[in-house]
Engineer: 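What follows is a structure written as structure tokens; I'll ask about it next.
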Amino acid sequence: MDIALAIDFVTMAIHQEYDIGVIMSTDTDLLPALEFVNGRPEVPQVAVAAWGNVGRRRYRLTLSDSNIWCHWLDRDDYDAAADLTNYAR
């Protein structure tokens with residue numbers, strides 16, 4: 001799944017299919033894709049999103065040489081975006 005996300009993130013950046021690229025993950029395997037897209041002139045901004053209320057420690061993806069915005073999400077955000085569709089039909 002991470003590979004598919006990374007490929008989509010990079011490919012869509014190259015094809016200018018978004019204005020702001022946001023990765024919702026804390027998996028460091030995605031750092032190369034984030035770094036690549038962050039340096040592209042076609043994408044004005046990249047950001048990350050992570051859960052803000054998971055235990056005491058908050059972790060997010062970041063690049064040491066860039067100030068990447070993080071959207072901290074909580075349970076209310078999760079509930080608001082939850083897909084309750086029953087796909088078993």
Side-chain angles (χ1 to χ4, degrees):
M1 186 67 124
D2 290 345
I3 293 172
L5 175 59
I7 290 171
D8 284 347
F9 191 65
V10 168
T11 302
M12 292 175 73
I14 291 169
H15 292 172
Q16 300 178 348
E17 294 180 5
Y18 56 79
D19 296 321
I20 300 173
V22 180
I23 290 184
M24 173 65 187
S25 177
T26 59
D27 192 335
T28 56
D29 289 349
L30 295 168
L31 284 174
L34 183 64
E35 185 173 26
F36 177 84
V37 171
N38 188 49
R40 302 293 301 185
E42 301 93 335
V43 181
Q45 183 180 356
V46 296
V48 297
W51 299 115
N53 291 341
V54 180
R56 294 181 187 186
R57 183 174 171 227
R58 296 191 334 169
Y59 178 76
R60 69 183 192 101
L61 292 178
T62 188
L63 299 175
S64 60
D65 60 345
S66 297
N67 187 16
I68 295 178
W69 181 260
C70 182
H71 302 272
W72 291 107
L73 305 176
D74 60 19
R75 180 63 190 217
D76 291 336
D77 297 314
Y78 177 85
D79 290 342
D83 182 357
L84 302 178
T85 303
N86 181 356
Y87 292 99
R89 293 188 250 163

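The first residue in the sequence is number 1, and the count goes up from there.
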Engineer: May I ask you to test the M24-W51 pair for a side-chain heavy-atom distance under 4.5 Å?
Structural biologist: yes
Engineer: Hey, what do you get for CG (L5) to CG (D2), rounding to the nearest 0.5 Å?
Structural biologist: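 Rounded to the nearest 0.5 Å, the CG-CG separation comes to 7.0 Å.
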Engineer: So which pairs with a foot in residues 19-48 pass side chain to side chain donor-acceptor pair (under 3.5 Å), sequence neighbours left out?
Structural biologist: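 Sorted result for residues 19-48: N38-S66, R40-E42.
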Engineer: What's the spacing between I68 CD1 and L63 CG if we round to 0.5 Å?
Structural biologist: 3.5 Å
Engineer: Quick check: closest heavy atoms across V43 and G21, and the distance to 0.1 Å?
Structural biologist: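 Minimum heavy-atom separation between V43 and G21: CG1-N, 4.2 Å.
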Engineer: Please enumerate all residues that pass side-chain hydrogen bond (donor to acceptor under 3.5 Å, both in side chains) together with T85, with sequence neighbours excluded.
Structural biologist: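 Only D83 meet the side-chain hydrogen bond (donor to acceptor under 3.5 Å, both in side chains) criterion with T85.
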Engineer: Could I get the full list of ring-ring contact (aromatic ring centres under 6.0 Å, His included) partners for F36, not counting sequence neighbours?
Structural biologist: none
Engineer: First locate atom OG of S64, then atom CG of L31, and finally report the distance between them rounded to the nearest 0.5 Å.
Structural biologist: 9.5 Å
Engineer: Please go through Y87's hydrophobic cluster and name the other residues, only I, L, V, M, F, W, Y counting, with side-chain heavy atoms under 4.5 Å joining them.
Structural biologist: none
Engineer: Show which side-chain atoms of residues 11-18 pair as donor or acceptor with protein atoms under 3.5 Å away, not counting sequence neighbours.
Structural biologist:
| unit_1 | atom_1 | unit_2 | atom_2 | d |
| --- | --- | --- | --- | --- |
| T11 | OG1 | I7 | O | 2.8 |
| Y18 | OH | F9 | O | 2.8 |

Engineer: Report the residues that fulfil salt bridge (charged side-chain N to carboxylate O under 4.0 Å, His left out) with D76, sequence neighbours left out, ordered by chain and then residue number.
Structural biologist: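 Counting only residues at least two positions away or on another chain, D76 forms no salt bridge (charged side-chain N to carboxylate O under 4.0 Å, His left out).
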Engineer: Under 4.5 Å between any side-chain heavy atoms of V22 and V48, yes or no?
Structural biologist: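 Not touching, per the 4.5 Å side-chain cut-off.
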Engineer: Looking at W69, I'd like to know if its CH2 atom is crowded, meaning that more than 12 non-hydrogen atoms belonging to other residues, nucleotides or ligands lie closer than 6.0 Å.
Structural biologist: no
